[in-house]
Amino acid sequence: MNSGVLLSESETDTSEISTRQSDLISGDESIKGKLEEFSAKLNELRLGDPNSDAEEQENSPGSKSQREESFESSENVSKSSTRPAGSITSIPDVGPLKTDLRIKIRLQPIGAVPQIQPRVCQISANQQFLALTKFLCKRLKRKHIHCYINNAFAPALNQNIGDLWSQFKVNDELIVSYCESVAFG
Amino acid sequence: MEELRERVWKGSINVEVMLSDSIVLPNTSISEKCHHLVVLRESFLALYIPAIVRKLGQNVSSIYEDCYKQWWFECNGVPVSWEYPCGVLFDSSCNSFTASTDKDKDAYHLQMWKLHLCHGHKYPRGIIPLVDGLSQIQDYWKHQWKQACFILNGSAKRIMSLSIPDFEAFWLSILSRHQLDYMKIRDKMITLDRVKCVPIRFILPDIPILQPTVSTDTNKKSLNDVIDSLDINLQNDYKIVIQGIEVYSSENVLDLYNLFASIDGFLYIIIKR
């Protein structure tokens with residue numbers, strides 16, 4: 001199971017870092033020197049600060065505590081594997097496929113439910129849809145939330161998000177609408 | 001083709017349901033804690049829970065208020081999901097699948113799916129809690145069909161434009177087993193020569209269910225082409241089972257969908273070693 005399931009786009013915006021990386025490649029100075037400079041710059045920006053990491057992870061359903069909460073069986077929603085019958089529980093949650101792939105999710109509120117910031121998040125492709133639902137419940141401080149793909153249908157909680165993204169993406173983003181009550185019955 | 005569809009629609013499985021040891025009253029005889037029934041492959045296992053509870057309920061030690069809530073099945077100690085058609089669950093859990101051609105031998109062989117009925121306040125891992133009974137099953141089925149319709153047509157407009165009576169009739173056709181009513185409404189959502197993608201789910205050993213994007217850009221896309229496009233390593237001696245039938249990988253995937261698609265709009269392909 002990957003940690004850091006969801007990251008906002010702003011958190012992953014590395015344009016400045018990318019520029020520095022290109023400088024590293026084209027520069028005349030030694031790579032080692034540049035790396036040291038790069039590391040110093042990172043320290044200045046506090047990107048490597050473990051405390052700031054912890055703060056970022058607080059808002060991510062992939063942080064350990066939240067992930068545990070998401071996938072622990074509960075009264076209303078238990079963790080479910082995407083495997084029916086015989087070998088359901090013998091299957092690991094992380095399949096061998098798409099383990100490193102992260103996909104973009106665009107979150108759209110319906111009705112009076114507030115907009116989550118940032119609107120676009122990233123999630124590991126091997127997660128189940130349940131992880132996103134739990135994330136939304138926690139961020140919105142709601143017990144239940146209804147989620148729809150492309151304003152059309154509610155996927156099963158045990159569906160693989162990577163598969164949903166592959167089939168229903170719009171401009172490389174999976175559009176997930178959410179609301180407190182049934183919107184598309 | 002119609003005969004084949006009818007056989008798929010009427011396909012059934014012999015099931016033996018035994019009350020789980022954790023909920024059965026002490027000193028209950030086997031005949032009192034066991035129930036034999038025939039379930040239809042194209043139905044949901046959860047739909048049979050009320051009838052089974054009515055039959056075996058008097059021998060249950062735990063207190064229950066609802067015929068759906070907090071009940072689930074297990075097969076060899078493993079929870080069985082309710083959200084897939086019975087035939088898919090059976091085919092994927094049955095290890096003794098053989099495409100035997102010996103009819104005399106088959107005549108004396110009764111294949112039985114042995115399940116345990118369990119009850120508890122806490123659901124086991126791997127089970128989506130059935131908290132809202134029949135309406136939850138219907139709701140789940142409806143959204144699966146919307147998803148399938150979206151895959152088939154590129155949008156869910158066709159299913160969303162169905163009238164409420166049509167949708168109710170669609171669901172009732174499954175409950176009351178009226179194949180003609182079912183096909184009549186199903187055909188409103190599927191135009192074979194305009195299908196964009198085929199809703200397919202692969203059930204493979206040891207990995208989660210795969211739901212690949214299978215476009216119909218070439219009319220003659222075979223099952224083999226689809227399997228090759230999956231990023232998985234399969235052994236050479238695997239079998240492809242659809243609706244309990246071993247099929248050839250050279251079959252056209254759209255034809256297979258047209259014949260063997262399940263009641264939730266998806267074609268389930270089980271790969272067995």
Side-chain angles (χ1 to χ4, degrees), chain A residues 71-101 125-130 133 144 146-170 174-175 182-185, chain B residues 45 73 75-85 88-95 113 121-129 131 139-140 142-151 155-157 159-160 197 199 201 203-214 230-233 268 270:
Chain A
F71 284 90
E72 283 300 320
S73 57
S74 63
E75 280 184 17
N76 297 318
V77 180
S78 72
K79 174 186 175 182
S80 51
S81 160
T82 51
R83 186 104 173 110
S87 49
I88 291 173
T89 53
S90 62
I91 304 302
D93 296 314
V94 180
L97 310 174
K98 301 175 256 178
T99 46
D100 298 326
L101 184 63
N126 57 37
Q127 291 290 317
Q128 295 178 344
F129 196 74
L130 175 69
T133 311
H144 303 288
H146 296 264
C147 296
Y148 300 93
I149 304 285
N150 290 344
N151 286 337
F153 65 89
L157 292 176
N158 56 10
Q159 279 196 253
N160 179 283
I161 282 194
D163 284 344
L164 289 169
W165 178 82
S166 300
Q167 287 194 308
F168 306 110
K169 65 187 173 187
V170 178
L174 182 67
I175 298 172
V182 175
F184 304 99
Chain B
L45 203 50
F73 291 102
C75 179
N76 295 324
V78 180
V80 178
S81 307
W82 58 264
E83 68 268 25
Y84 300 100
V88 175
L89 295 168
F90 175 71
D91 292 341
S92 59
S93 65
C94 177
N95 293 322
W113 192 19
H121 296 292
K122 196 173 181 182
Y123 281 90
R125 289 186 158 204
I127 292 289
I128 295 177
V131 294
D139 210 42
Y140 174 84
K142 181 170 60 183
H143 282 283
Q144 289 296 296
W145 253 113
K146 281 184 181 180
Q147 190 175 158
C149 187
F150 204 111
I151 295 168
S155 81
K157 278 181 187 171
I159 193 165
M160 288 169 113
C197 293
R201 285 179 178 154
I203 298 169
L204 299 110
D206 305 329
I207 62 169
I209 285 180
L210 297 176
Q211 189 176 310
T213 305
V214 182
L230 301 175
D231 189 20
I232 49 170
N233 293 320
Y268 289 89
I270 293 136

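By convention in this document, chain letters (A, B, ...) are assigned in the order of the sequence lines, proteins followed by strands, and residues within each chain are numbered from 1. Atoms considered below: every heavy atom in the structure, side chains included; atoms not considered: hydrogens, waters and symmetry mates.
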Side chains of A:Gln167 and B:Phe150 in contact at under 4.5 Å (non-hydrogen atoms):
no

Where B:Ile209 and A:Asp163 come nearest, the two heavy atoms and their spacing:
O-OD2, 3.8 Å

Students often mix this up, so state it plainly: with edges at 30° and 60°, are the rings of A:Tyr148 and B:His143 parallel, tilted or perpendicular?
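Judged by the thresholds at 30° and 60°, the geometry between A:Tyr148 and B:His143 is tilted.
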
How long is the span from the CD1 atom in A:Ile149 to the NZ atom in B:Lys146, to the nearest 0.5 Å?
13.0 Å

What distance separates A:Phe153 CZ from B:Gln144 CD, expressed to the nearest 0.5 Å?
8.5 Å

Please rank B:Gln147, B:Lys157, B:Arg201 by heavy-atom pairs under 4.5 Å with chain A and give me the top one.
B:Gln147

